[in-house]
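Just below is one structure, and these are the notes that go with it.
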Amino acid sequence: MRTLVVVPTYFEVESIGELLSRLIAAVPSADVIVVDDGSTDGTCDVVSELAADHPQVALRRRSHKGGLGSAYRDTFSATFSDYDLLVEIDADLSHEPEALPELLSAAQAGADVVIGSRYVPGGQIIGWSKSRLRLSRWGNRYASLALGLAINDATAGFRVYRSSIIEQFGLADIKSDGYGFQVEMTYQAVRAGARIVEVPITFRERASGESKMSRRIVIEAFLFTTIWGVRDLLLRQRARRMYRTQ
Ligand SMILES: Nc1nc2c(ncn2[C@@H]2O[C@H](COP(=O)(O)OP(=O)(O)O)[C@@H](O)[C@H]2O)c(=O)[nH]1
Ligand SMILES: [Mg+2]
């Protein structure tokens, strides 16, 4: 299946070279596109050098930091008609490229969305502080409860999407610019009736560079999740009332 791996970067010069080399070795037949939002630390130079030797690697440069969700949304919109499978992976080596073949196998076996999950048996997180673990765990619990998602890791950033499922729900209505994008895509996929499979992965906190997680990102994700949850609740109540009066 034609596969595109999308790697968003923002100041990842210390890890992007190793990530790309390991990706190419792990999935030699896949195309890879790095989407950079104006890093000035040499990230793009490393990618361009690698791309010169590996024609399957491309660089997409955006002029300013638009957020992880916006980087994926723009790139998926521009590419999904050319590929069968679209992959998300972080640039900081938190996700092991060597685990990707297993995720791709699940998609090839029929899943519409494959989530590299930290919160299913066999999955784990190495190196996060207690507060970061709490934020992730409670964020996931809140999203599942508010949106009725039977997914253990709705915020995970290591995933495979079948292009046809993205085509089905469309990207035009996806609102999140930040990491809430992961929750929103999961929510839309569930609503579209997608077959979603969670494959256990090991997530390792980055060894270099800095996290771009911010309070603004958390607030955006929390607000959107709450709005969708309340909207769904009201719609369900209305449907129940209409059913009763019939
Ligand atoms: N293109 C782009 N990439 C981003 C942006 N924010 C984060 N990233 C990338 O998204 C991935 C995950 O970000 P990271 O800071 O590691 O988040 P954390 O793992 O949740 O702490 C990394 O590859 C980042 O370089 C952004 O605004 N634009
Ligand atoms: Mg990270």
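Every number for a ligand or one of its atoms is a count from 1 in the order of the listing.
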task = Compute both the distance and the angle, then confirm whether Arg137 meets the cation-pi test with Tyr119: under 6.0 Å from the six-membered ring centre, within 45 degrees of the axis.
result = yes
key: Residue-atom pairs from the protein, N, O or S only, that lie under 2.8 Å from the Mg ion (ligand 2)   = Asp92 OD2
key: Atom indices of ligand 1, in the order listed, that fall short of 4.0 Å to a heavy atom of Glu12   = 22 (C), 23 (O), 24 (C), 25 (O)
key: Inter- and intrachain pairs under ring-ring contact (aromatic ring centres under 6.0 Å, His included), touching residues 24-59, at least two apart   = none
message = Taking CZ in Arg215 as the centre, count heavy atoms belonging to other residues, nucleotides or ligands within less than 6.0 Å. Is the count above 12?
response = no
request  = Any chance you could measure Leu135, atom CG, to Lys130, atom NZ, to the nearest 0.5 Å?
outcome  = 15.5 Å
ask   = Should we say atom CD of Gln237 is surrounded by more than 12 heavy atoms from elsewhere, each under 6.0 Å from it?
value = yes
task = Note the single closest protein heavy atom to atom 10 (O) of ligand 1, along with its residue, its atom name and the distance in Å.
result = Leu68 CD1, 3.2 Å
key: Protein heavy-atom partner closest to atom 9 (C) of ligand 1 - residue, atom, separation in Å   = Pro8 O, 3.5 Å
query = Does Lys175 reach the side chain of Phe181, with side-chain heavy atoms less than 4.5 Å apart?
reply = no
ask   = With only distance considered, is Phe203 within less than 3.5 Å of ligand 1 through an N or O on each side?
value = no
request  = Determine the minimum heavy-atom distance between Ala154 and Leu149, stating which atoms define it.
outcome  = CB-CD1, 4.1 Å
request  = Below 4.0 angstrom from a heavy atom of Gly67, which ligand 1 atoms are there? Numbered from 1 as shown, please.
outcome  = 26 (C), 27 (O), 28 (N)
Shortest protein contact, atom 4 (C) of ligand 1 (heavy atom only) = Tyr10 CB, 3.9 Å
query = Strictly under 6.0 Å, is that where the ring centroids of Phe80 and Phe76 end up?
reply = no
note = Nearest non-hydrogen protein atom to atom 21 (O) of ligand 1, with distance, is Ser211 OG, 2.5 Å
task = State whether Tyr10 and Lys212 meet the cation-pi test: NZ (Lys) or CZ (Arg) under 6.0 Å from the six-membered ring centroid, and within 45° of the perpendicular axis.
result = no
request  = Check for a donor-acceptor pair, side chain of Asp112 on one end and backbone N or O of Arg195 on the other, with a separation under 3.5 Å.
outcome  = yes
message = Check this for me - ligand 1, Trp128, N or O atoms closer than 3.5 angstrom, yes or no?
response = no
note = Residue pairs passing the ring-ring contact (aromatic ring centres under 6.0 Å, His included) test with at least one member in residues 183-208, sequence neighbours excluded, are His95-Phe203, Trp128-Phe203, Tyr187-Trp228
ask   = Would the number of heavy atoms belonging to other residues, nucleotides or ligands and lying under 6.0 Å from CZ of Arg61 be above 12?
value = no
request  = Please indicate whether Arg141 has more than 12 foreign heavy atoms, meaning atoms of other residues, nucleotides or ligands, lying under 6.0 Å from its CZ.
outcome  = yes
remark   = For Arg206, the atoms of ligand 1 under 4.0 Å from one of its heavy atoms are 14 (P), 15 (O), 16 (O)
note = Looking at Arg62, Lys212, Lys65, the heavy atom closest to atom 5 (C) of ligand 1 belongs to Lys65
query = So which protein heavy atom does atom 11 (C) of ligand 1 come closest to, and at what separation?
reply = Asp90 OD1, 3.5 Å
ask   = Would Arg132 count as a contact of ligand 1 if the rule is a heavy atom under 4.0 Å away?
value = yes
key: Pairing residues for Glu102 by the side chain to side chain contact (heavy atoms under 4.5 Å, CB included) criterion, not counting sequence neighbours   = Val199
remark   = Numbered in order shown, the ligand 1 atoms found under 4.0 Å of a heavy atom of Asp37 are 1 (N), 2 (C), 26 (C), 27 (O), 28 (N)
ask   = Any heavy atom of Tyr179 sitting closer than 4.0 Å to ligand 1?
value = yes
key: Which of the ligand 1 atoms, numbered from 1, are nearer than 4.0 Å to a heavy atom of Asp92   = 16 (O), 19 (O)
message = Less than 4.0 Å is my threshold; does some heavy atom of Ser94 fall inside it relative to ligand 1?
response = no
query = Which of the atoms in ligand 1, numbered in the order shown and given with their element, are less than 4.0 Å from a heavy-atom of Ala71?
reply = 1 (N)
